[in-house]
Protein chains: 2
Amino acid sequence: MNKETNAPVCKIEIVDETKVEEAKKELENTQQILEIAEIFKLLGEPTRLKIIISLINSELCVCDLAAAIDSTVSSVSHQLRLLRNARLVKYRKEGKMVFYSIEDEHINKLVEQAKEHIEE
Amino acid sequence: MNKETNAPVCKIEIVDETKVEEAKKELENTQQILEIAEIFKLLGEPTRLKIIISLINSELCVCDLAAAIDSTVSSVSHQLRLLRNARLVKYRKEGKMVFYSIEDEHINKLVEQAKEHIEE
DNA sequence: ATAACATTTGAACAAATGTTCAAGTGTTTT
DNA sequence: AAAACACTTGAACATTTGTTCAAATGTTAT
């Protein structure tokens, strides 16, 4: 093995130009892809996913949410902020309490779809 | 503001016992939830999501994949390993080349669903 | 007003993670 | 056999991120 002349790591040569162009076309809308990634990322963390799943049935206050997923109020609140900012959940204030719920049903469908993938 | 007697942070009191129990029931299958989170997490990173989107149309070798998403072969290879381990992609060897493709169509549907959420 | 309460927030910290670089594999070509 | 090639892998590094703790906010009850 010659160590000097090793590994050009292709990069110059493209094997199938057509397919690469096709793929690039799909990736054109960078902003959209980053937004999609952001949603998946938010759902891809156990604490947040548990929050979302808990909210699928009914709205819950922060306290109950923490109880349901067996976490602390502070931790839940921090994560809720991220979910709120990304508009995955919405909230409703009632006195000193805040009730959270799922923003729209696409979220439920995403979770269902992922579940199907697991259960195949 | 009395600083000593501040913030009991509920935790003892549950506001709506029934709803909390309902939510807990949904969270019973911890293993399943962690697996779902794992899938979302994998899709929630731009490099990996781009790889997946690139593969939706057709299989691609590592070199072309790197060219398509404008990344390095090494980086792509590292991420492909994670996607492989989680069975989100499969591969096929042909000589010194390796062609990757989507493992099953649930993945495409997940991406589509997320796209719909964005475009609402 | 004061106290109690539900929630939010900021700072600090450890843990997880993506990229890079260099080297290693295994296959094909010369 | 040696070189070229496509890909994989390990270590190192900077960055990101989730949790905790303490304190702050704003509302309701006393």
Side-chain angles (χ1 to χ4, degrees), chain A residues 1-16 20 34 37-38 40-51 59-67 69-86 89 91-100, chain B residues 1-16 20 34 37-38 40-51 59-67 69-86 89 91-100:
Chain A
M1 270 153 267
N2 187 329
K3 289 181 179 181
E4 297 308 320
T5 57
N6 199 10
V9 190
C10 59
K11 197 68 180 175
I12 308 126
E13 282 246 46
I14 286 173
V15 179
D16 190 330
V20 171
L34 293 181
E38 184 62 21
F40 283 135
K41 183 183 201 171
L42 286 165
L43 296 174
E45 200 278 321
T47 301
R48 287 190 298 259
L49 183 59
K50 287 179 196 166
I51 290 174
E59 64 171 20
L60 286 170
C61 66
V62 180
C63 231
D64 284 0
L65 218 26
I69 75 171
D70 199 36
S71 181
T72 67
V73 167
S74 176
S75 184
V76 167
S77 183
H78 275 298
Q79 300 303 345
L80 280 170
R81 186 158 68 93
L82 300 178
L83 294 172
R84 240 189 292 137
N85 291 345
V89 303
Y91 65 96
R92 163 177 89 79
K93 289 191 180 176
E94 192 176 316
K96 58 188 167 187
M97 297 177 74
V98 182
F99 290 93
Y100 282 86
Chain B
M1 269 155 267
N2 187 329
K3 288 181 180 179
E4 297 308 321
T5 56
N6 200 10
V9 191
C10 60
K11 197 66 180 175
I12 309 126
E13 283 245 46
I14 286 173
V15 180
D16 191 330
V20 172
L34 293 181
E38 184 61 22
F40 283 135
K41 185 184 200 171
L42 287 165
L43 295 175
E45 201 278 322
T47 302
R48 287 190 298 260
L49 183 60
K50 286 179 196 165
I51 290 175
E59 64 171 19
L60 287 171
C61 66
V62 180
C63 231
D64 284 0
L65 218 27
I69 75 171
D70 199 37
S71 180
T72 66
V73 167
S74 176
S75 184
V76 167
S77 183
H78 275 298
Q79 299 303 346
L80 280 171
R81 186 157 69 93
L82 300 178
L83 294 172
R84 240 189 292 138
N85 290 346
V89 303
Y91 65 97
R92 165 177 87 77
K93 289 191 180 177
E94 193 176 316
K96 58 189 167 185
M97 298 177 73
V98 182
F99 289 93
Y100 282 87

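Below, read A as the first sequence line, B as the second, and so on, with proteins coming before strands; counting in each chain starts at 1. Bear in mind the structure is a predicted one, so any value in this text is a computation, not a measurement.
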Are there any protein N/O atoms within less than 3.5 Å of an N/O atom in nucleotides 10-13 of chain C, and if so, which ones and at what distance?
unit_1  : atom_1 : unit_2   : atom_2 : d
dG10(C) : O6     : His78(A) : NE2    : 2.8

Could I get a table of every N or O pair under 3.5 Å where one atom is in the protein and the other is in nucleotides 27-30 of chain C?
none

Please state how far atom CE in Met97(B) lies from atom C1' in dA4(D), giving the value in whole angstrom units.
14 Å

Going by heavy atoms in the side chains, are Leu80(B) and Val98(B) under 4.5 Å from each other?
no

For Asn85(A) and dT8(C), give me the distance from atom CG to atom P, rounded to whole Å.
12 Å

Which heavy atom of Val15(B) sits nearest to which heavy atom of Asp64(A), and what is that distance?
N-OD1, 2.8 Å

On the nucleotide dT19(D), are OP1 or OP2 found under 4.0 Å from the side-chain N or O atoms that Gln79(A) carries?
yes

Using whole Å, report how far CG of Leu34(B) lies from P of dG18(D).
15 Å

Can you check whether Thr47(B) has a side-chain N or O nearer than 4.0 Å to OP1 or OP2 of dG18(C)?
no

Testing the basics here: between Arg84(A) and Ser77(A), what is the closest heavy-atom pair and its distance to 0.1 Å?
NH2-O, 4.4 Å

Over 60° means perpendicular and under 30° means parallel, so tell me whether Phe40(A) and Phe40(B) are parallel, tilted or perpendicular.
parallel

Between Leu82(A) and His78(A), is there a side-chain heavy-atom distance shorter than 4.5 Å?
no

Nearest heavy atoms of Leu49(B) and Leu43(B), plus distance in Å:
CB-O, 3.5 Å

Roughly how far, to the nearest 0.5 Å, is CD1 of Ile69(A) from OG1 of Thr47(A)?
5.5 Å

Take atom NZ of Lys50(B) and atom C1' of dG18(C), then tell me their distance rounded to the nearest Å.
13 Å

Quickly work out the Leu82(B) CG to dT8(D) C1' distance and round it to whole Å.
13 Å

Using five base pairs at each end, measure the axis-to-axis angle across the helix from dA1(C)-dT30(D) to dT30(C)-dA1(D) and round it to 10 degrees.
20°

Minimum-distance pair of heavy atoms, taken over all atoms of Val76(A) and Ala66(A)
CG2-CA, 3.8 Å

With sequence neighbours excluded, residues passing side chain to side chain donor-acceptor pair (under 3.5 Å) with Glu59(B)
Arg92(B)

Sequence neighbours excluded, which residues qualify as side-chain contact (heavy atoms from CB on, under 4.5 Å) partners of Glu38(B)?
Lys41(B), Leu42(B)

Which whole-number value in Å describes the distance from Asp70(A) CG to dT19(D) C1'?
14 Å

Find every protein N or O atom lying less than 3.5 Å from an N or O atom of nucleotides 15-17 of chain D, and list the pairs.
unit_1  : atom_1 : unit_2   : atom_2 : d
dT17(D) : OP1    : Lys41(A) : NZ     : 2.2

Residue-phosphate contact under 4.0 Å: Tyr100(A) side-chain N/O, dT8(C) OP1/OP2
yes

